[in-house]
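The first residue of the sequence shown is numbered 1, and numbering continues consecutively from there.
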Amino acid sequence: MQALKNTVWGACKQVTSRLWARTRSTAGWLWKHAKREVVCYSVLACFILTLFGGFALHGEVVYQTGVDLFEKGQYEAAAECFERTADLKNAGEYLSLCRQSLVYQQADALMAGGDYESAQEMYLSLGEFKDAEMRADWCDTLSNAPEVNQQLKATTGQLSAMLNAAQRKFAAGEYLEAYTAFKALGEYEDAASKASRSLQRHYEEQNITQLDFSHPENRAYKKDRPSFQFFEGATEVTKVKVEEDAEGYRIPDGRVLFTDYATGNLYLLTESGQETLLLAGYRSAGVGLGDDFEQETVYFDGMIDEHRFVYTIGGFFYQYGMGVYDLSSGMDYRIDAEMEPWSYWYPQKVVGDQLYFAGCMDYSPGVGMKKIGKLDLNSYAFSKTELTSFGFEVGGVYPGNTYYITDFDVSPDENNIVFVGDKDGRAQVLLCSLREQKVIQTGTIVYEPLNEYYDVVYGADGQVYFYILPIWLSANNLGTLFLMDVNAV
């Protein structure tokens with residue numbers, strides 16, 4: 001206790017000494033360069049300001065010392081610090097926890113010494129603090145069954161060793177590992193609260209904050225995929241039913257683009273009902289199930305600007321090609337992109353004069369990404385980048401020990417790209433430099449249940465927002481929104 005007092009008051013004396021020295025220095029300057037009356041008032045004002053500043057700083061030092069001692073389990077010394085700073089921050093809450101922890105420790109000592117009745121009374125006085133109720137039951141059991149005593153002591157010893165190991169991980173700054181270790185202890189002692197604190201520290205270290213998804217302005221960061229529109233137009237693209245075998249999309253100028261699935265053709269339908277064939281689908285030799293031919297269908301994939309749209313040509317098993325069609329000129333620009341079995345390109349976003357694509361390993365949008373593609377909207381030149389070139393391993397197994405990427409977004413200045421997905425059964429965020437092709441910042445989100453989708457978007461403020469959407473939605477679980485502060489990286 002005396003060592004604590006010496007530490008705290010020693011720090012305060014150093015602060016006060018430095019502040020007094022600064023005051024004397026200021027007073028000396030005023031004495032040389034001003035009248036005595038001015039000096040008197042100036043010195044007095046300076047002293048008052050310094051004194052109050054010293055008190056404020058002293059309180060912060062004592063409070064932070066208390067927090068550090070509390071984290072180390074030195075509750076008696078921590079309580080004295082919080083008593084001196086009772087009106088600062090949440091010192092009152094800490095003081096209450098210190099006092100409860102001291103009673104808990106005394107009860108532990110009594111139980112270990114065999115005084116089960118006294119220990120039980122102390123545990124019961126703590127109510128729902130830590131696992132006090134469970135330990136009160138232990139005391140009742142131990143007092144009536146001596147043979148159980150040895151088994152319970154062995155179990156308690158194992159739990160205590162696990163708790164100490166978890167605390168060492170926390171002290172080493174391994175907050176995610178500490179969270180897992182504390183979580184495994186269930187309601188033992190204060191493991192649940194320490195698990196929560198470990199996770200909070202983990203998020204703070206990775207500059208991640210959970211947002212209130214119920215707030216209207218935050219809901220704007222949830223993607224509606226596929227959007228079929230990659231620019232800010234006055235009218236959104238909407239899905240419409242044209243006829244039994246045709247599905248269409250109303251584009252910003254009011255006309256409808258639709259695919260006739262019987263033929264695979266893509267048509268333009270005017271408001272007056274006139275149909276114009278734009279792109280023809282066809283049947284070709286393929287690897288259908290028991291069929292020598294496969295239908296190649298032209299699909300509308302989204303508007304690039306007011307006049308141009310991107311399309312893909314695909315069958316059940318393969319994507320055969322893609323291109324850009326200009327409605328104002330009637331020109332069809334085929335994209336020279338390498339097509340691989342079971343690999344599909346999905347347009348994601350226009351940034352500047354570039355259209356970015358997700359290269360996926362199956363035909364569900366944004367699932368199993370292996371690469372990203374980029375189309376120059378001036379020259380229509382296409383380039384691709386393997387995700388492994390950024391320095392992390394990707395795979396197609398969920399969950400697995402490699403990154404299973406489901407979505408990405410590019411910063412407005414095209415300097416950075418952010419990926420989201422899964423690794424080891426946990427949501428992952430990877431902020432990368434697009435130009436240098438390296439990982440800048442990573443984030444790991446602990447989220448239940450495991451089966452979920454991940455979406456990510458760069459906000460207008462340049463920050464990264466990512467949304468976790470459970471596969472099975474319910475009224476009580478609509479997903480969770482997080483913010484990664486990229487300015488702090």
### Query
Per the side-chain contact (heavy atoms from CB on, under 4.5 Å) rule, which among Asp407, Val410, Asp409 passes with Gln348?
Asp407
### Query
How about Gln428 and Asp422: does a side-chain donor come under 3.5 Å of a side-chain acceptor?
no
### Between Ser389 and Gln437: side-chain donor-acceptor atoms closer than 3.5 Å
yes
### Query
With a cut-off of 6.0 Å (strictly less than), are more than 12 heavy atoms of other residues, nucleotides or ligands near NZ of Lys438?
no
### Message
Check this for me, if you would: do Arg99 and Glu83 make a salt bridge, where the nitrogen-to-carboxylate-oxygen distance has to be below 4.0 angstrom?
### Response
yes
### Message
Counting only heavy atoms not in Glu71 (residues, nucleotides, ligands), do more than 12 fall under 6.0 Å from its CD?
### Response
yes
### Closest approach of Leu163 to Glu189 (non-hydrogen atoms, all atoms of both residues)
CD2-OE1, 3.2 Å
### Query
How about Tyr467 and Tyr454: are their ring centroids closer than 6.0 Å?
no
### Reference residue Phe129; test side-chain contact (heavy atoms from CB on, under 4.5 Å); the match among Ser96, Ser193, Ser101
Ser101
### Query
Under the 6.0 Å and 45° cation-pi test, does Lys423 pair with Tyr403?
yes
### Query
Would you find a donor on one side and an acceptor on the other, under 3.5 Å apart, between the side chain of Ser196 and the backbone of Ala192?
no
### Query
Given Tyr75, which of Tyr94, Tyr104, Phe82, Phe70 fulfils the ring-ring contact (aromatic ring centres under 6.0 Å, His included) condition?
Phe70
### Summary
Tested for side-chain hydrogen bond (donor to acceptor under 3.5 Å, both in side chains) against Asp485, the lone hit among Gln463, Gln441, Gln206 is Gln463
#### Entry: Non-neighbouring partners of Ala337 that pass side-chain contact (heavy atoms from CB on, under 4.5 Å), sequence neighbours left out
Met322, Ile335, Met339, Trp345, Phe382
### Query
Is it true that atom NZ of Lys183 has more than 12 heavy atoms of other residues, nucleotides or ligands lying nearer than 6.0 Å?
no
#### Entry: Aromatic ring pairing Phe408/Phe419, orientation class (parallel under 30°, perpendicular over 60°, tilted between)
tilted
### Query
At what distance, to the nearest 0.5 angstrom, does CG of Leu387 lie from CD1 of Ile405?
6.5 Å
### Salt-bridge present (Glu60, Lys89; N to O < 4.0 Å)
yes
### Query
Is it true that the side chains of Glu414 and Tyr356 contain a donor and an acceptor less than 3.5 Å apart?
yes
